[in-house]
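Beneath this line is the structure, given in structure tokens, with notes to follow.
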Amino acid sequence: GKVIGAAESFEKNQSASDRTRRQAGSEEIISLDEVTGLPLHEFMETQVRKNLAKFAEDGLPFAILVIQVDGMDQFRSNRGPGVVPTILRVVAQTVENCLRPTDLFGHWSGQQFLAVLKDCKESEVASVGERIRKIVSRSKIEWWGDAFSVTCAFGGAGSGFGGSLEQFLERAEKSLQESIANGGNCVTART
């Protein structure tokens, strides 16, 4: 009944591009964002489209989260434009580390990211977003000897509603705009 030893195993930490290629099931060339190393908008849109088709075919639920860094203009004004890539890298890495291996994550636009949460029911979207939001808000960014944190606004949508790609993305964007209107650092999800 006594512990007489312990074992520890290690596995290679995958980069975002390796993980994305594995998830996409392809070795195709994927354009990556230079700052974050994440797949770009076009690839992520294609993945959402594929997941919508799968949902229509076999009912496998999924959700998306559009994530926007709060107050980026203030950071740029107060700390200089050089801080923006650092903030984006830290947020990208933090969110990436919060996601499951089956999820996809990419740079959506400017200060926005998109997460595709596979096998995620509509009732779970807000709680997943809230968990990620809390972890991001606790992250520290080091900049010229100063440490500060950032927050993000989250907008989610579940696949249960169905509809076209445009309608699905519009629901997530409306959720994001509602989070921003509420001051950011919160999650709004449309089911």
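Only a predicted model underlies this, so the values are computations on that prediction, with no experimental measurement involved. Atoms considered below: every heavy atom in the structure, side chains included; atoms not considered: hydrogens, waters and symmetry mates.
- Put simply, CG on Asn182 and CD on Gln177 are 11.5 Å apart, with the number rounded to the nearest 0.5 Å.
- For Arg49, the salt bridge (Lys or Arg N to Asp or Glu O under 4.0 Å) test picks out Glu45, with sequence neighbours left out.
- Of all non-hydrogen atoms in Ser149 and Ser139, the two that sit nearest each other are CB-O, 3.2 Å.
- Looking only at distances, no side-chain donor or acceptor of Ser109 sits under 3.5 Å from a matching main-chain atom of Gln112.
- Taking every heavy atom of both residues into account, Val136 and Cys152 meet most closely at CG1-SG, 3.8 Å.
- In this structure, the side chain of Ser175 engages the main chain of Gly156 through a donor-acceptor pair within 3.5 Å.
- Partners of Ser159 under the side chain to side chain donor-acceptor pair (under 3.5 Å) rule, at least two apart in sequence or in another chain, do not exist in this structure.
- Sorted by first then second residue, the salt bridge (Lys or Arg N to Asp or Glu O under 4.0 Å) pairs that include residues 178-188, not counting sequence neighbours, are Glu178-Arg190.
- A search for side chain to side chain donor-acceptor pair (under 3.5 Å) contacts involving Gln111 returns nothing, not counting sequence neighbours.
- The main-chain N or O of Arg133 is never found under 3.5 Å from a side-chain atom of Arg138 such that the two would form a donor-acceptor pair.
- The shortest non-hydrogen separation linking Lys118 to Asp103 is N-OD1, 3.0 Å.
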Subject >> Worked verdict on Arg171 versus Ile64 for side chain to side chain contact (heavy atoms under 4.5 Å, CB included) >> reply: CA-CA 10 Å; Arg171 286 192 357 259; Ile64 58 174; over 6 Å; no
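- Side-chain contact between Val150 and Ile141: present, with at least one pair of heavy atoms (C-beta onward) separated by less than 4.5 Å.
- Contact record, Leu65 with Gly129: CD1-CA, 3.8 Å, taken as the closest heavy-atom pair.
- Checked by atom type and distance alone, the side chain of Ser179 pairs as donor or acceptor with a backbone atom of Phe154 at under 3.5 Å.
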Original post:
side chain to side chain contact (heavy atoms under 4.5 Å, CB included) between Ile67 and Val95: does it pass, once the steps are laid out?
Top reply: CA-CA 9 Å; Ile67 304 164; Val95 174; 4.0 Å; yes
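- The shortest heavy-atom contact between Val125 and Ala157 is CG1-N, 4.2 Å.
- Residue pairs meeting the ring pair (Phe, Tyr, Trp, His ring centres under 6.0 Å) criterion with at least one member in residues 46-76, sequence neighbours excluded, are Phe62-Phe168, Phe75-Phe148.
- Lys174 pairs by the side chain to side chain donor-acceptor pair (under 3.5 Å) definition with Glu170, not counting sequence neighbours.
- Cluster annotation: Val128 is not connected to Leu60 through the hydrophobic network of ILVMFWY side chains, with a link wherever side-chain heavy atoms come within less than 4.5 Å.
- Side-chain contact between Ile135 and Asn97: absent, with no pair of heavy atoms (C-beta onward) separated by less than 4.5 Å.
- The list of salt bridge (Lys or Arg N to Asp or Glu O under 4.0 Å) pairs with a residue in residues 57-78, not counting sequence neighbours, reads Asp73-Arg76.
- Residues Phe43 and Val48 fail the side-chain proximity criterion, which asks for heavy atoms closer than 4.5 Å.
- Side-chain contact between Ile132 and Leu99 is present, with heavy atoms from C-beta onward closer than 4.5 Å.
- For residues 116-144, there are no ring pair (Phe, Tyr, Trp, His ring centres under 6.0 Å) pairs, not counting sequence neighbours.
- Applying the salt bridge (Lys or Arg N to Asp or Glu O under 4.0 Å) definition to pairs two or more places apart or across chains, those involving residues 142-151 are Arg79-Asp146.
- Scored by the side chain to side chain donor-acceptor pair (under 3.5 Å) test, Glu42 finds no partners at all (sequence neighbours excluded).
- Screening residues 110-131 for ring pair (Phe, Tyr, Trp, His ring centres under 6.0 Å), with sequence neighbours left out, gives Phe105-Phe113, His107-Phe113.
- In this structure, Pro39 and Leu32 have side chains that are in contact, with non-hydrogen atoms separated by less than 4.5 Å.
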Please tabulate, for side-chain N and O atoms in residues 86-93, each donor-acceptor pair with protein atoms closer than 3.5 Å (sequence neighbours left out).
none

